[in-house]
Amino acid sequence: MQKRIISTLCSVGLLFVSQSMMATENNEQQLKQEAISIVQKFGGTLKPQLQDAMKGAGPVHAISVCSEAAPAIAQKLSKDTGWSVNRVSLKARNNRTAMPDAWEKRVLEQFDQRQAAGESAEKMAFAEIVDGKYRFMKAQGVEKVCLNCHAAEIKPEVEAALKQHYPQDMARGYSEGQIRGAFSVSKEVF
Ligand code: HEC
């Protein structure tokens, strides 16, 4: 009799444990979906603005679009969603917003290793719960258009404009396919 009670209690206990594990998994799945949709909004708003500016007035003008539009989009998305939204890089251009913290640095280093091992940036991402926060990063790969402002060799007028806006710019010397940086979003979960 006692055995049965104990075994029933155990099964009920197990049920609770597995239910709460499932709840955590569902929750993480949902957080991931949210994170992906924020990143898609960020990229989907910034890229057309960059492309229009490049086609219209050219890369020098596009630099000022980038320097105003990118932080503005990040701020608006943070405000609208309650997530912290940012872009980071191991070689930051904007040294006020894009310097990675220790966790982001590790993930960016792993992205570089994954890219060197042959993985494309297109779907490269990483998620983890750290210190009560759900954190998600999505790699941004270098495409042809990016080389106008992130390659080693760029037009002198582009170089001059970059120097003026970002005297401490480190975001140069990239080639196509490399990891330029990443979107980094996080939300408190506890
Ligand atoms: C017209 C020049 C220009 C082009 C083209 C360009 N960028 Fe940038 N990029 C910038 C500027 C300016 C910043 C700094 C924006 C800011 O102040 O937030 C920047 C910042 C970034 C950042 C944020 C991290 C950091 O270093 O500040 C990433 C990531 C990035 N660019 C990726 C790309 C990718 C990927 C492409 C191609 C799809 C691209 N860029 C094309 C000018 C450019």
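Counting starts at 1 for both ligands and their atoms, in listed order.
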Participant: Tell me the protein heavy atom at minimum distance from atom 29 (C) of ligand 1, and give that distance in Å.
Facilitator: Q140 OE1, 3.0 Å
Participant: I'd like to know whether ligand 1 has M54 as a neighbour, heavy-atom separation below 4.0 Å.
Facilitator: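 It does, in that a heavy atom of M54 comes within the 4.0 Å cut-off of ligand 1.
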Participant: With respect to atom 13 (C) of ligand 1, which of H61, E68, R93 exhibits the smallest heavy-atom separation?
Facilitator: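 That would be R93.
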Participant: Which of the numbered atoms in ligand 1 are below 4.0 angstrom from a heavy atom of A92?
Facilitator: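 Listed by number with element: 26 (O).
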Participant: So if I count the atoms of ligand 1 from 1 in the order they appear, which ones are less than 4.0 Å from some heavy atom of A62?
Facilitator: 1 (C)
Participant: Rounded to the nearest 0.5 Å, what separation is found between the CD atom of E104 and the CG atom of N86?
Facilitator: 6.5 Å
Participant: Spell out, yes or no, whether F42 and M124 are grouped together once hydrophobic residues are joined by side-chain heavy atoms under 4.5 Å, including indirect joins.
Facilitator: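 As far as the 4.5 Å side-chain criterion goes, M124 and F42 are not connected within one cluster.
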Participant: Can you list the atoms of ligand 1 that are under 4.0 Å from a heavy atom of N94?
Facilitator: 16 (C), 17 (O), 18 (O), 25 (C), 27 (O)
Participant: Can you tell me the protein heavy atom closest to atom 24 (C) of ligand 1 and the distance?
Facilitator: A98 CB, 3.6 Å
Participant: Linking I/L/V/M/F/W/Y whenever their side-chain heavy atoms sit closer than 4.5 Å, directly or via other members, would V65 and I73 fall into one cluster?
Facilitator: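 Different clusters.
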Participant: Find the distance between CD (E176) and NE2 (H150) and round it off to the nearest 0.5 Å.
Facilitator: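 One finds 13.5 Å between CD of E176 and NE2 of H150.
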Participant: Go through ligand 1 atom by atom and flag the ones less than 4.0 Å from a non-hydrogen atom of P71.
Facilitator: 18 (O)
Participant: To the nearest 0.1 Å, how far is atom 20 (C) of ligand 1 from its closest protein heavy atom, and which atom is that?
Facilitator: R87 NH2, 3.4 Å
Participant: Given C146, S89, S184, which has its nearest heavy atom closest to atom 36 (C) of ligand 1?
Facilitator: C146
Participant: Taking heavy atoms and a distance under 4.0 Å, where does L50 meet ligand 1: side chain, backbone, both or neither?
Facilitator: side chain
Participant: If you group Ile, Leu, Val, Met, Phe, Trp and Tyr by side-chain heavy-atom gaps below 4.5 Å, do I38 and Y134 land in one group?
Facilitator: yes
Participant: Distance under 4.0 Å to a non-hydrogen atom of P59: what atoms of ligand 1 satisfy this?
Facilitator: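 Under 4.0 Å from P59, ligand 1 has these atoms: 1 (C).
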Participant: Would you say F136 and V85 are hydrophobically clustered, going by side-chain heavy atoms of ILVMFWY under 4.5 Å?
Facilitator: yes
Participant: Report the relative orientation of the aromatic rings in W103 and F126; use parallel for angles under 30°, tilted for 30 to 60°, perpendicular for over 60°.
Facilitator: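 Plane angle between 30° and 60°, so tilted.
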Participant: Any donor-acceptor pair under 3.5 Å linking the side-chain atoms of R87 with those of T97?
Facilitator: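 No, no side-chain donor-acceptor contact under 3.5 Å.
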Participant: Using non-hydrogen atoms of the residue, decide whether V145 is closer than 4.0 angstrom to ligand 1.
Facilitator: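 So V145 counts as touching ligand 1.
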Participant: Which ligand 1 atoms does C149 reach within 4.0 Å, using its non-hydrogen atoms?
Facilitator: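 Numbered from 1, ligand 1 contributes 1 (C), 2 (C), 3 (C), 4 (C), 5 (C), 42 (C), 43 (C).
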Participant: Identify whether the distance between the nearest side-chain nitrogen and carboxylate oxygen of E143 and K47 falls below 4.0 Å.
Facilitator: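 Looking at K47 together with E143, the answer is yes, because their closest N to O distance falls below 4.0 Å.
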Participant: Please list the nearest protein heavy atom to atom 40 (N) of ligand 1 with its residue and the distance rounded to 0.1 Å.
Facilitator: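 For this ligand atom, the closest protein heavy atom is H150 NE2, 2.9 Å.
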Participant: Closer than 4.0 angstrom, basic N to acidic O: yes or no for K32 and E28?
Facilitator: no
Participant: Does ligand 1 have an atom under 4.0 Å from some heavy atom of Y166?
Facilitator: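 Distance cut 4.0 Å: Y166 passes for ligand 1.
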Participant: Enter the distance from F183:CZ to L46:CG here, rounded to the nearest 0.5 Å.
Facilitator: 7.0 Å
Participant: Are G141 and ligand 1 in contact, using a heavy-atom cut-off of under 4.0 Å?
Facilitator: yes
Participant: Can you confirm, on distance only, whether ligand 1 has an N/O atom lying under 3.5 Å from any N/O atom belonging to R180?
Facilitator: yes
